[in-house]
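Note sheet for the following structure.
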Protein chains: 2
Amino acid sequence: MKPIDIQEIRSLALFREMADINFETLLRGAYIQNFPPQIELITEDEPCDFLHIVVEGSVELFSRWNGRETVMATVRPVSTFILAAVIKDSPYLMSARTHEKSRIILLPSKDVRAVFDIDNIFARSVVNELAQCYRSVVKTTKNLKLRTSIERLANYLLRQYKFAGNAVEFELKMEKRLLASYLGMTPENLSRAIKALQPYGVQVSGSRVTISNLADLIAFAKPTTSIDDPTY
Amino acid sequence: MKPIDIQEIRSLALFREMADINFETLLRGAYIQNFPPQIELITEDEPCDFLHIVVEGSVELFSRWNGRETVMATVRPVSTFILAAVIKDSPYLMSARTHEKSRIILLPSKDVRAVFDIDNIFARSVVNELAQCYRSVVKTTKNLKLRTSIERLANYLLRQYKFAGNAVEFELKMEKRLLASYLGMTPENLSRAIKALQPYGVQVSGSRVTISNLADLIAFAKPTTSIDDPTY
DNA sequence: CGCAGCCTTGACAAATGTCAACAAACGTGG
DNA sequence: CCACGTTTGTTGACATTTGTCAAGGCTGCG
């Protein structure tokens, strides 16, 4: 593993404060692997063997039922995924596939749980991380139940605007068909939703988004911290 | 506080394994209160002062946005709610109101966090509880994104069937309008969804549900552990 | 250059919500 | 215990939202 990778992982909130010796224990059992795009890394319902950390590239978390499929989240560097399954030693609730070529670190679940049992600082970090994850999914549920698809798109664009440093021009970070699935709609519906936002000053050409009338878009989207602020 | 209440709380997974002395610390600062129905106990976006435990009655967790409102969950005895906000010392993401007359125990957030900091066993229990909560909301999201409203109702009925000890006759545990909101639809739509399930052997009269053709209902609903099993 | 996958568009269908009317159930005060 | 009024549930007619299918254009990559 590259020293730079180690440093980046160590700087994650989850690992930042734990004892050196325990961090080293985690790393000793760790694998690092490069995956091509579109590889299914984990599969729903299978036993949970590793805590995954995306170091480079990007990973889609998705779920299937009865022939349908939906994107639950996209994981970007540097962050972990499926922590809850690791801690509970339960089967995965979601599948994951690489979207781009990706570098992934695999920490054996057993090691994570073992360190969790002896390092209280780490245990605290796990709690914080899980609480954060929980709140984030609650926000997703509120978004789905309280908003129409056009409203979800409008608020998504405003979150991206903010993430891009309040830039009124930015790139979509995923293909439209994946964005559609993430937002809980079909690709066709997304196309039309984009058009429906034109009167509020939104232009999208390819993956380039331009917000020409921020005030109007905000007035339409009515963003609220308790759904749209990822740090809340 | 009645000894019987204390005993019940102590028997919750969250408190079962912690040191006596710390459990007593928690109880020392605790209030117990009886609330009439329809009292708003906590309000979204407000600072989190207490961990709540429902001892008797029932509490609805709900959320509002832009004049709309949705039921996120119903909490029944004996269980806690809004643990994540307490641990993160963050504002509530949901509001809560009593549905029936309810007995609620309030543990000051500060005390919970203080005990969390000194009692590692308790910290572990918190992690487990949070991981469970997280997985449960992920299931909710999958349910919403992958299923139609009729499918959600069908699977809800099957979960209740199971909860009632595989009884083909049971009572709905909440008013239909709340059930509708919980399942992400309007009351009118729920009425029609119930009718739509008649061909699969479901009769509902008042709050009494009868499943006369379990096999057909299962074939239609296609339940799966990774969405419908609360213990998974 | 040509194929494959993505995106868009139109026409249509299905799912879901809204509104209004009414019926049924519930709770309260007499 | 009944009468009344309020709330909840149901139904029909209709509107809106969302999904489906099919066709065609665009784009990127071998």
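Keep in mind that this is a model prediction, so the values were computed, not measured. All chains are named by letter (A, B, ...) in the order of the sequence lines, taking the proteins before the strands, and each is independently numbered beginning at 1.
Rounded to 10 degrees, the angle separating the terminal helix axes of the helix from dC1(C)-dG30(D) to dG30(C)-dC1(D), each built from five base pairs, is 40°.
Residue Met185(A) contributes atom CE, which lies 16 Å from atom P of dT16(C) at whole-angstrom precision. Put simply, CE on Met174(B) is 12 Å from P on dG9(D), counting in whole angstrom units. Taking atom CG of residue Leu146(A) and atom P of nucleotide dT16(C), one finds them 17 Å apart after rounding to whole Å. Between Glu69(A) atom CD and dG19(D) atom C1' the separation is 17 Å, expressed in whole Å. One can place CD of Glu100(B) at 14 Å from P of dC26(C), the figure rounded to the nearest angstrom. Regarding Asn189(A), its CG atom lies at a distance of 14 Å from the P atom of dT16(C), rounded to whole Å. Atom CD of Gln38(A) is separated from atom C1' of dC6(C) by 13 Å (rounded to the nearest Å). Atom pair Leu190(B):CG and dG9(D):C1' shows a separation of 10 Å (rounding to whole Å applied).
Geometrically, Arg97(B) engages Phe62(B) in a cation-pi contact, judged by NZ or CZ lying under 6.0 Å from the ring centre and within 45° of the ring axis. Under the 6.0 Å distance and 45° angle rule, Lys139(A) does not count as a cation-pi partner of Tyr134(A).
A distance of 11.0 Å separates NZ in Lys145(B) from CD in Glu69(A), rounded to the nearest 0.5 Å.
Listed nucleotides dT9(C), dG9(D), dG17(C) differ in distance to Arg177(B); the shortest reach to its side chain belongs to dG9(D). The listed nucleotides are dT10(D), dT20(D), dA13(D); the one nearest the side chain of Arg192(B) is dA13(D). Considering only the side chain of Lys176(A), dT8(C) comes nearest among dT8(C), dG9(D), dG17(C). Out of dT8(D), dT18(D), dT10(D), the shortest distance to the side chain of Thr148(A) is found at dT18(D).
Looking at Leu12(A) and Val78(A), their side chains come closer than 4.5 Å, going by heavy atoms from C-beta outward.
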Could you write nucleotides 22-30 of chain D as a row of B, S and -, 5' to 3', where a protein heavy atom under 4.0 Å of any base atom gives B, of only sugar-phosphate atoms gives S, and otherwise -?
---------
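His52(B) pairs in a side chain to side chain contact (heavy atoms under 4.5 Å, CB included) with only one of the listed residues (Leu107(B), Val86(B), Ile82(B), Leu83(B)), which is Ile82(B). Exactly one residue among Lys101(B), His99(B), Glu100(B) makes a side chain to side chain contact (heavy atoms under 4.5 Å, CB included) with Gln38(B). That residue is His99(B).
Between Tyr31(A) and Phe50(A), the ring center distance clears the sub-6.0 Å criterion.
Residues Ser63(B) and Glu44(B) have side chains that bring a donor and an acceptor to within less than 3.5 angstrom of each other.
In terms of heavy-atom proximity, Pro199(B) sits nearest to Asp216(B) at O-OD2, 4.3 Å.
Considering only side-chain N and O atoms, Ser149(A) lies under 4.0 angstrom from the phosphate OP1 or OP2 of dT18(D).
Between the side chain of Arg152(A) and the base of dT17(D), no donor-acceptor pair under 3.5 Å is found.
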